[in-house]
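One structure below.
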Amino acid sequence: MVAPHLQCNYKGYSADKALTLAAAAPINVMNTEEVKVLQEKLTKLWLDTNGIGGIYGKGTTNIVMLLQRRTV
């Protein structure tokens with residue numbers, strides 16, 4: 001038996017789930033040159049972005065998230 005507070009079938013679940021997924025989806029607002037500049041700056045700070053290729057990949061994402069956690 002599932003506890004009532006853990007059930008997912010309450011009214012409005014679909015809308016809430018859609019909003020949560022939309023908020024979690026990354027929005028690509030940086031072009032390749034801007035990403036390269038960001039990666040170069042992070043590399044100068046001795047932060048490994050897994051290369052400077054202009055692709056906002058996993059390495060760059062991890063470093064940016066790490067810095068965001070440090071500033072909060």
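Residue indices begin at 1 and follow the sequence shown. Please read these numbers as outputs of a predicted model, since none were measured by experiment.
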Tell me which donor-acceptor pairs under 3.5 Å the side chains of residues 39-48 have, and how far apart each pair is, sequence neighbours excluded?
residue : atom : partner : partner atom : Å
Q39     : OE1  : G53     : N            : 3.1
Q39     : OE1  : G54     : N            : 3.0
Q39     : NE2  : I55     : O            : 2.9
Q39     : NE2  : T60     : OG1          : 2.9
T43     : OG1  : Q39     : O            : 2.7
D48     : OD1  : N50     : N            : 2.9

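With sequence neighbours left out, T61 forms a side-chain contact (heavy atoms from CB on, under 4.5 Å) with Y56, M65. Applying the side-chain hydrogen bond (donor to acceptor under 3.5 Å, both in side chains) criterion to T49, with sequence neighbours excluded, gives no partner residue.
Under a hydrophobic clustering in which Ile, Leu, Val, Met, Phe, Trp and Tyr are joined whenever their side-chain heavy atoms come within less than 4.5 Å, directly or via other members, M30 and I63 fall into the same cluster. L38 and I52 fall into different hydrophobic clusters, where Ile, Leu, Val, Met, Phe, Trp and Tyr side chains are chained together by heavy-atom contacts under 4.5 Å.
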